[in-house]
Each structure stands twice: as C-alpha cells, then as structure tokens.
Protein chains: 2
Amino acid sequence: MASSRGVRHDSMRARNLAVVLGEIRDAGPLTRAALAERTGLTKTTVSKLVSDLLDAGVVAENGAVRDGERGRPGVAVRLSGHRVATLGLEINVDYLAVCVVDLTLSVRLRRTKAAGNRDSRPERILAELRSLAESALMEAEAAGLRVAGAALAVPGPVEHGLLRNAPHLGWRDVRVTDLLDLPLEAAGPEARNFQAGNSEAAGFEAVGFEAVGFEAGNFEADNEANLAALGELWFGSGARDFLYVSGEIGIGAGLVVDGSVFRGTYGLAGELGHVVVAPDGPACRCGGRGCLEVYAGQDALLGEVGSIPELVARLEAGDPAALGACDTAGRALGLALTSAVHLLDPGMVVLGGVFAPLFPWLEGPARETLSARLGQMRRTPPRLAVSAIGADAAILGAAGLVIQRVFADPARALGL
Amino acid sequence: MASSRGVRHDSMRARNLAVVLGEIRDAGPLTRAALAERTGLTKTTVSKLVSDLLDAGVVAENGAVRDGERGRPGVAVRLSGHRVATLGLEINVDYLAVCVVDLTLSVRLRRTKAAGNRDSRPERILAELRSLAESALMEAEAAGLRVAGAALAVPGPVEHGLLRNAPHLGWRDVRVTDLLDLPLEAAGPEARNFQAGNSEAAGFEAVGFEAVGFEAGNFEADNEANLAALGELWFGSGARDFLYVSGEIGIGAGLVVDGSVFRGTYGLAGELGHVVVAPDGPACRCGGRGCLEVYAGQDALLGEVGSIPELVARLEAGDPAALGACDTAGRALGLALTSAVHLLDPGMVVLGGVFAPLFPWLEGPARETLSARLGQMRRTPPRLAVSAIGADAAILGAAGLVIQRVFADPARALGL
DNA sequence: GGATTATGTGCAGATTGTGGACTTAATGGT
DNA sequence: ACCATTAAGTCCACAATCTGCACATAATCC
C-alpha cells in the first residue's frame, strides 16, 4: 500500500548530510579531513556538506587544530547549539512541564507547573500546557533559537498520536497533539515532505530509528515511560541498552536497545506494573491479581505515609513498617524483573521515578531475588542501577527525541 | 567506532533495485509503468533496473497484460524462483533438518534425519549436518538453482554467530557457523562488501531489517524459536505481528513486530520458559522456582507418557491424568503469557511445536487465564492461535531469512 | 629558509536519475 | 477499414551528486 519509494540524488545528499553531522556529534570536533576518512566520502564532498551545515548554523568551526604534527593544521568542526532547539512537554497527574533543549543536548530552559490534573477535562489541561509552551517558545525565539519540533510525554500508552488510556487523568482516546496545536513552523521552509511526489527522502530516514508513533509533522506524543527511558539514554549515564523502570503512580518501563526504544506492536510494550508476581495475590485495579503494582506501586509503598520524602525520612529513622514495605516491594520488583529479563533481555536495569530515592532500600531485595531466579540462564544478571536524572527524565527524553529526528534527516528538518 | 559510512551512486542504485524488487514481490506481477508510479521513479529508471533484474534471473516477464483498457498493454514482471534459492538448516535434540527455498518462497527440497544428539560432540553432529547440507546443495545446483546463502537454527541463544548455551545438546560457546564451514559462494562475484573502502552499500541495507546476529558473509545462525517465528511469518497464516511460542523440550518464544524479530540486547529475548508463574513453585533446572517450563515443558506434559502422539491419544480417550496435566500447563501458559503480553505487546499469540497438537486442550485454560488477568488493560486480549506450519517452522524461517537478505540488498546478493 | 607533510578547494569526469520526445501497440468510433 | 486516442516502454539530452587528482595553503622539521 504505502509501497517504499525510490531514492534520488537529493536523498543521497540528505543521507550524507546526516552521516557527516552524526559523525561530528558522535566523535567530537573533527576536521574535514578526519570526517572524510571516517565516512569514506572524499574531502571534496565533505567540504561541501560541512559548508551547508555551517550555513544552517548546526555546526561551527572550532579554530585551527594545533596538534604539533607536521603539515597544514585542519580546522575542527563541532556541533553548535545556538541556532536549533526543540521543545519537550509533559502532562502528568500532578504537574505540567516544559523544556527547551538545543542540538548539543544542553538544556536551555525548564519550567514546571504544579497542577491537580486528576480527572480534569483534556481541553483545560491542554490549554494550560499550551500557554506554558508558548511562553517557552517565545523565550527560545528571543534567544535566537529556531524550535524545530516538539514532543509530549503523557501518562499512558499512545498509538499514532492518540492517547489511548490515561487511567489517573481519567482520559480515553484523546488526540493530544491535535488538541494542543502548537504554533510550530512546518518541517522545512517549504514543508518538503508534504509536497506530492516529493517525499523520496523518507526512504532513508528510518535508518536506525523506529518510525512507529512518529506522526507526520514535527509534533508527536508518547508514553511517559518510553520518553523517560530516552531521557536516561541521552542525559543519563551513557548506557545504550537498558530497561528504564519508571515508578510513578503506576509502574511503567521503557526498553532501550542499541539506542532506540522498543514499543511493541501497538506501543503498549513495557507495562511492567502488571506483570504477574503472585498468581493468587491481592486484586489489582487492572482486573488481575498479584500484579507488581499491588506490591510496589506508590500506594503500596506509601501505605499511610503522606509522601515519598516522608517515607524516606521514616526509612532513614528505621521505621519497621516502612522498611517492610520496601522489602516487599523490592522482592516483588525482583520477581517482575526476572520475567522481564527473560522476555526483553535488557543490557541493564535502571530504576527511576519514585524508585530512585528509595533505591538504597529496594536494591538489596530486588537484586537478591533477581540473581537467585536467573540462576544458570545468564553468566551474570543484568546490573541494577539508579537513574542519574531526576523527575525531568520524560521532558528531556521528549526534547531529545526531536533532536534525534533532526540528526536523522537534517536536510528535511533544516530545509537544506 | 564503526562510524556510519557515506553513500554513493552505487548505493542509490542498490537501494532502488531493492525497492523495485520488493515492490514486485509485494504487489504481485506489475508492469514497468505501474512500478514507476508506485516507486516514484521514472519509467526510464525502472526499465533499466528491471532489465538488470531480468538478467539476474530473479524476475521474469509474464506476457502482455490484456486488461481491456485502451492503449498499449504493458508487460507484467513477476518474481521468478528458478534461479536463486537459499538453504535452511536445523540442529535439534532429536533430528537434523535441511531445506532449500527459492525466491518465491516455494520449498524446493526438504530432508530430515533422525538423530540422538543429546550430549554429543559438536564436531560429529556438525559433520553429519554438513553431509546432509552438501547433498542438498548438489541437488539444488542440479536443478539450476544458485544458493545465495544459508542460515542455521539451533536450540539455544546465539550471539554474533556463537551458540552460547544449548542445555539439551550439552553445548556451550560453540562457533557453529565456522565449524559447519559450508561450501557457499562469496556474497557477490567479487565479494563486494569485503573490499576495503567499498562497503558503502551497507549504509542502506539495514532499512527495515534488524542486522543483529547477521555475521559478515552469507551464513548465519540463530535461536530455533526466533527462526521458527520467522517461518510462521513467511510460511504461516500471513500475520505480521505475533509472539510465536515454541514448545520443544524447553519453551522459547520469538516476537515478530512488523515483520521482523525482536532479539533484545544480547539475542536472549523471548525466554518464555523461565517467566515466573508461581514465585514459590517447584524448583526448575535453571535455578529458579515455579518457571513456566516446570508446568508446561515437555517433561511436565508427558509425565510417564512416552510421546506426544501417545499423549494426544490419551487426551482423546479422556484420561484424567493427561487432561489434568494439560489443564495445569494451559493455565501456567496463560499466566506466563499475561506477563509476556504486558511486556512485549504482541499482536497475537501463535502456539507452535508440541503445543500445536495439544492446542485443543491448552487453548481453553490458557485463554481463560489470559483474558481474566489482562482485564481492563486492553480492549481485547490478543488472539490465541495454533501454528499453521508444523515441525518445519525453523528450517523454513532460516531459509526465508536469507531470502530476506537477498531482497534487502539484491545488488550485493546477486552481484549486480 | 627550503623541504616535507597534511588540509582544504577547484575542476574535469563518472554514475545515476529526470523529463520530455518518440516509438509501439492496443482500443474504439466512424 | 481507418484513423484518433491512449498508454507502455525506450531514447537522448540534461541535471545532481560524488570521485579523483591537481593545486594552493599553512603548518613543522632540519
């Protein structure tokens, strides 16, 4: 039906622009000669491509490389963050958040707004988020940044831009991106990929990136857990393969394999919270019994304690009820992770969200259970680590995702 | 490190060859004009590409299309299977198998050899398989087929061509592809992708295919469950998204999402057999407790019954012990699948291997458990179906995988 | 200060796709 | 029976892009 399209000269150029720009991103400042060697392109070609990237303001010359070697010194080219940026947005149960991130993944702006979004009408919340986003866009523009696109994190599964079900917001089948309707420019100056018969570049775009969930245009939405996992990928410890476990009101997870998120068939993968931990355990709100969420969800962890900081205080004071809740949660987490490791084969496991501050108390029982259960199946069980970034994971991941789109096809994103 | 390489004219051509050939495969016989319209290439370009594909013998003209329309009738071009074929191989605990499949996915040859491979030395088994493969290659050659490559299914996880661990064979860290050493031609007439600085085509190859586990060359190995899943994909019911559950001595699974297999970080994904079903259940040989395999593995199903056909006979006769075993296994399967559905988000679930003949007795308890547990999380639980192909799933998938490689880059595979 | 060495650019040439003109081969109306 | 119409496939000049080599440039080395 869609039938893959052939490629033409401009796609070749588009691809080579992406290769060169990607190499500059991955291997630090590089001279044109070094780029030529690494990419296999000739110096001539690299020169022309770099010249266009310079014009677009996405790279900058770094001054001569004085490396003490003989011969004419090269001029290194490095990524430049002062022209292109993207917007990350998040709707969560008790706050709205926005950030602006530039091409070098520097966070240029970050703004949070506390809000009681439990069971509110989508229109109201989205209007509130829009005003937050608009002020961020204005500020970015004032700083000379061109915002190339945006992505939105929501607390529930997203399929083709449609938020399927956000139980804690009380939303169902909401077209979040349409409703938000951000004032973003079209993808290129002439919105290349919408012109009839002119979308050849698309044939190469997908290389190395999953296209699922990427709606036409430059504004997309995805599950909070998936985007938080990407946040951990680009702003965290530097690992490229891991399962990010997001402890919020519910428990989600995002699997990153070789730098991209695994979403499953309908974008519903990673629902760690309802993995079976005890087949005859207590009933869960999902309809099942003995799901992980029953033992390690925020409600189970808190019990009658009011908040996570308060829980941490009690744990530090040695409160037996709090310690017991964490021990139970940790062991349940270990069981759920056993199944997850067997099925998903993650490179490591990163605990984020509310699990991050509780990590010292969860780690022991979780690791113990996981190690004992995995037994002979693996040389070593995957490493268990705490997330390096805090509550911002999802917005950062959202903004980073759009940055990735720019790197995947700079020609399209920048109109080159 | 590897650093992605730039693309040149020949990569553009390679890609367009793949696009045209793929379109012919997917959309049946098509005229050059129809191909031009579908691919967005000009009639001129399509003509040249089709001419090369005709020369390579991978497509053939189908005679004039007399569709009653006005104007000159086109000549439809269709896939041709009488030149290029691939080899599928399998080592399992109690048999060896080989098949030859042509470009149209017609099975040209199939040969099985019963063998007691439990705890045998790899060298002996591999030599036996080689002689089986060599006779298949000779026969294929005699039929005028060019064997473009081979793939091998083994009962254990494979990482970069290395069989990590096959517990029932008693093998560990065996370089199966090296040891087998098949007499295959190099990838192209001049083995294009091995020439220094001449591997540009690789830049496009990966589009739409996972490259993990694809060793340089044209002979690769993978887990039996993954390849059986691909067999189900290309030779089964036609679904493009499903979890194939392979009931053999152990229980494995292969997830297919949008036509390609999900392998996880180290190729170990899909170990359904050791998903936690009951945290305090009986000990499993893996070191854990209450794994699915304990309840639904072949040993648990058979009990003191000698074989699967005998078990089926007892089930049909209403033997209560047999019925009880299937009920237990079905319910355990339902629990494990609940976790798998939450984590992997498969489009449907296909039961294969020994589960296929037992499907009538497993289906009820499994579906019931799965439906009850998934509850509100999904509109409908994924469909539970029986595999359409029998014991050949893995060899067919292996051969089909290599066919896919040919379609992914016909220029490389055929030396165009 | 000249030889040496490496960078970056200019120019001719190669490869491949494009676009429109042209040939070919059918249908259909008169 | 004949010619207009329509669509398929091919031919040829042209355009886009990369390559390879020559060359100017700018350092270090002796």
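Lettering follows sequence order; numbering is per chain, from 1.
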Nearest-Å distance for atom pair [atom1]/[atom2], residues [X] and [N]:
X        : N      : atom1 : atom2 : value
B/Lys43  : C/dT16 : NZ    : P     : 22 Å
A/Glu37  : D/dT19 : CD    : C1'   : 17 Å
B/Leu416 : C/dT16 : CG    : P     : 12 Å
B/Leu35  : C/dG17 : CG    : C1'   : 16 Å
A/Leu49  : C/dG8  : CG    : P     : 14 Å
A/Arg8   : D/dC18 : CZ    : C1'   : 18 Å
A/Leu41  : D/dG20 : CG    : C1'   : 14 Å
B/Leu53  : D/dG9  : CG    : P     : 15 Å

Please determine if a side-chain N or O atom of [X] lies less than 4.0 Å away from the OP1 or OP2 oxygen of [N].
X       : N      : answer
B/Ser47 : D/dT10 : yes
A/Thr45 : D/dC18 : no
B/Asn16 : C/dT16 : no

Just the atom pairs and distances: protein N or O near nucleotides 11-15 of chain C's N or O, under 3.5 Å.
from   : atom 1 : to     : atom 2 : distance (Å)
C/dT15 : O2     : B/His9 : NE2    : 3.1

5'-most contact on DNA chain D (nearest-nucleotide basis), B/Val75 vs A/Leu17, goes to B/Val75

Quick test of your reading: applying side chain to side chain donor-acceptor pair (under 3.5 Å), list the pairs with at least one residue in residues 46-56 of chain A, sequence neighbours left out, ordered by first then second residue. A/Arg13-A/Asp52

Can you pull out every side chain to side chain donor-acceptor pair (under 3.5 Å) where at least one residue sits in residues 72-83 of chain A? Sequence neighbours excluded, please. A/Asn62-A/Arg78, A/Ser80-A/His82

Checking B/Lys43 against B/Glu37 for the salt bridge (charged side-chain N to carboxylate O under 4.0 Å, His left out) test, could you report, in this order, the C-alpha distance in whole Å, the side-chain angles of both residues, the deciding distance, and whether it holds? CA-CA 8 Å; B/Lys43 287 187 292 173; B/Glu37 202 185 349; over 6 Å; no

Any salt bridge linking A/Arg15 with A/Asp409? Criterion: basic side-chain nitrogen under 4.0 Å from a carboxylate oxygen. no

Decide, yes or no, whether a salt bridge links B/Glu220 with B/Arg405 under the criterion of side-chain N to carboxylate O below 4.0 Å. yes

Contacts of type side chain to side chain donor-acceptor pair (under 3.5 Å), residue A/Thr45, not counting sequence neighbours: A/Thr42

A/Glu61: what forms a side chain to side chain donor-acceptor pair (under 3.5 Å) with it, not counting sequence neighbours? A/Arg32

Member of A/Val59, A/Leu35, A/Val77 meeting the side chain to side chain contact (heavy atoms under 4.5 Å, CB included) criterion with A/Leu21: A/Val59

Minimal heavy-atom distance between B/Thr104 and B/Leu79, with the atoms involved, is CG2-O, 4.0 Å

Output one letter per nucleotide in nucleotides 24-30 of chain D: B when a protein non-hydrogen atom lies under 4.0 Å from the base, S when only the sugar-phosphate is that close, - when neither is. BBBBSS-

